[in-house]
Amino acid sequence: MKLPEVHIPIIEIPIGKKVKLFMKREDLIHPLISGNKYWKLFYNVNHYIDENHKNPCLITFGGAYSNHIAAVSAVGKLLKIPTLGIIRGEELEHKWQENPTLVFASGNGMNFRFISRKVYRDKEKLTEALQKEYPDALIIPEGGTNEEAVEGVKMMLNDETKDFDYLCTAVGTGGTIAGISKFCEENQKVIGCVVVGDSSLENKILELTLKKNFNLIDSGFGGYGKIKDENIRFINDFKVKYGIPLEPIYTGKMMQKVFELIDEGCFPENSKILCFHTGGLQGIEGANLLLKKQNRNLII
């Protein structure tokens, strides 16, 4: 994987408040390997390639609409390395063709193995069995979060990000916020908008960053993967007002929570707030399929 040649813009969101809000458009980094996924995979994959394995293979884990599954499949196609996705939910085995994320991943050459949620939960045992089965494979954790991913996230910070008081990101498996926390400026505060229900998350992040400069704020809006009508309204209004698309699982919920925090006066006057758009826009199509079945408004 190469360092991107594109310049990632930081765009001001004109909200007319006593604080200034900006967004770093990491979603523009690559057309298929989106946002923070590019950086999480960057060192993992490049170090693996340097090892020059005889039978290379990338193996990872994810749910049916996983941005990580989509990104790993795209990396495999780009680098001509076989990929295997371990997909949560054995009921998907005979209907994955109805899922746009899995169709995309399959189109990139990824093979799938569908397993029960019970088996999926024990990642340590599962990873050990897969490594025996595929001794030359790189097995990447769910969401791509590990120490090499944290090192990659460092690339999301640069001279342009130093001038902000607050750095905000959505939090799933914790790798992105750990990287931002570890490598940001000493005076900066990091806010993690948590979209999952995981009581061990804070300790996982602390192990990766070794800093306590972050706050985690519940931004689940009903739970991971749940999409409320208020989320759809916010995402659509945001797209109309500011011309920036958001997806409903991560960045959409983060921005909605940040707007709520601003309205509640949680940021000191004249604060400069930077939110990271971590991509994942491929998930909109799948979300809309589910919303359409429920006869609900769609994401534009």
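Side-chain polar atoms of Ser271 and Asp165 form no donor-acceptor pair below 3.5 angstrom. Tyr250 and Tyr224 share a donor-acceptor pair across their side chains, judged by distance under 3.5 Å alone. A donor-acceptor contact closer than 3.5 angstrom links the side chains of Asn36 and Thr176. Residues His68 and Glu142 bring no donor and acceptor atom of their side chains to less than 3.5 Å of each other.
Within the 4.5 Å cutoff, side-chain heavy atoms of Leu102 are placed close to those of Phe114. In this structure the side chain of Pro56 never reaches within 4.5 angstrom of the side chain of Asp136, judged on heavy atoms. Side chains of Ile177 and Leu216 form a contact here, defined as non-hydrogen atoms less than 4.5 Å apart. At a threshold of 4.5 Å between non-hydrogen side-chain atoms, the residues Ile235 and Ile284 do not count as touching.
Counting heavy atoms of neighbouring residues, nucleotides and ligands inside a 6.0 Å radius, atom CD of Glu133 exceeds 12 of them. More than 12 heavy atoms of other residues, nucleotides or ligands sit less than 6.0 Å from atom NZ of Lys123. Within 6.0 Å of the CG atom in Asn215, the count of heavy atoms belonging to other residues, nucleotides or ligands does not exceed 12. Crowding of Glu147 atom CD: a count of heavy atoms from other residues, nucleotides or ligands under 6.0 Å not exceeding 12.
Distance check: Met1 CE to Ile33 CD1 gives 4.5 Å after rounding to the nearest 0.5 Å.
The main-chain N or O of Leu32 is found under 3.5 Å from a side-chain atom of His30 such that the two form a donor-acceptor pair. Side-chain atoms of Gln188 come within 3.5 Å of backbone atoms of Glu185 as a donor-acceptor pair (strictly under, hydrogens ignored). One N or O on the side chain of Ser219 and one on the backbone of Ile217 form a donor-acceptor pair closer than 3.5 Å. For Asp122 (side chain) and Lys118 (main-chain N/O), no donor-acceptor pair under 3.5 Å exists by modelled atom type. Listed for the Thr161 side chain is a donor-acceptor partner under 3.5 Å among the backbone atoms of Asn158.
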Can you give each donor-acceptor pair under 3.5 Å made by side-chain atoms of residues 11-24, sequence neighbours left out, with the distance rounded to 0.1 Å?
| residue | atom | partner | partner atom | Å |
| --- | --- | --- | --- | --- |
| Lys17 | NZ | Asp263 | OD1 | 3.1 |
| Lys24 | NZ | Glu26 | OE2 | 2.3 |
| Lys24 | NZ | Met156 | O | 3.2 |

Can you give me every donor-acceptor pair (side chain of residues 71-89, partner residue at least two apart or in another chain, under 3.5 Å) with its distance?
| residue | atom | partner | partner atom | Å |
| --- | --- | --- | --- | --- |
| Ser73 | OG | Ala70 | O | 2.7 |
| Ser73 | OG | Asn108 | ND2 | 3.0 |

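Screening Ile191, Leu167, Val190 for a side chain to side chain contact (heavy atoms under 4.5 Å, CB included) with Phe214, the sole residue that qualifies is Val190.
The existence of a salt bridge linking Lys211 and Glu186 is confirmed by a sub-4.0 Å separation between a basic side-chain nitrogen and an acidic carboxylate oxygen. In this structure, Arg296 pairs ionically with Asp229, as a charged nitrogen and a carboxylate oxygen lie closer than 4.0 Å. A salt bridge links Glu151 to Lys182: at least one charged side-chain nitrogen sits closer than 4.0 Å to a carboxylate oxygen. Salt-bridge check for Lys272 with Asp163: passed, with a basic side-chain N closer than 4.0 Å to an acidic carboxylate O.
Scanning for ring pair (Phe, Tyr, Trp, His ring centres under 6.0 Å) contacts around Tyr134 gives an empty result, with sequence neighbours left out. Every residue two or more places apart in sequence or in another chain was checked for a ring pair (Phe, Tyr, Trp, His ring centres under 6.0 Å) with Phe104, and none qualifies.
Listed by first and then second residue, the side-chain hydrogen bond (donor to acceptor under 3.5 Å, both in side chains) pairs involving residues 94-106 are Thr101-Gln282 (not counting sequence neighbours). Each ring pair (Phe, Tyr, Trp, His ring centres under 6.0 Å) pair with one or both residues in residues 266-300, not counting sequence neighbours, appears once here: Tyr166-Phe267.
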Item to complete: Check step by step if side-chain contact (heavy atoms from CB on, under 4.5 Å) holds for Ile249 and Tyr65.
Response: CA-CA 10 Å; Ile249 307 302; Tyr65 298 98; over 6 Å; no

Worksheet entry | Residue pair Lys228, Asn231: steps toward the side-chain contact (heavy atoms from CB on, under 4.5 Å) verdict | CA-CA 5 Å; Lys228 292 189 171 184; Asn231 303 136; 3.4 Å; yes

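Val45 and Ile139 end up in different hydrophobic clusters when Ile, Leu, Val, Met, Phe, Trp and Tyr side chains are linked at under 4.5 Å. Leu41 and Val6 end up in the same hydrophobic cluster when Ile, Leu, Val, Met, Phe, Trp and Tyr side chains are linked at under 4.5 Å.
Under the 6.0 Å distance and 45° angle rule, Lys257 counts as a cation-pi partner of Phe221.
Of all heavy-atom pairs between Pro100 and Leu289, the closest is CD-CD1, 3.6 Å. Here the shortest heavy-atom pairing between Thr60 and Ile69 reads CG2-CD1, 3.9 Å. In plain terms, the two heavy atoms of Cys193 and Val258 that are nearest each other are SG-CG2, 4.3 Å. Considering every non-hydrogen atom in both Cys184 and Asn213, the closest pair reads SG-ND2, 3.4 Å.
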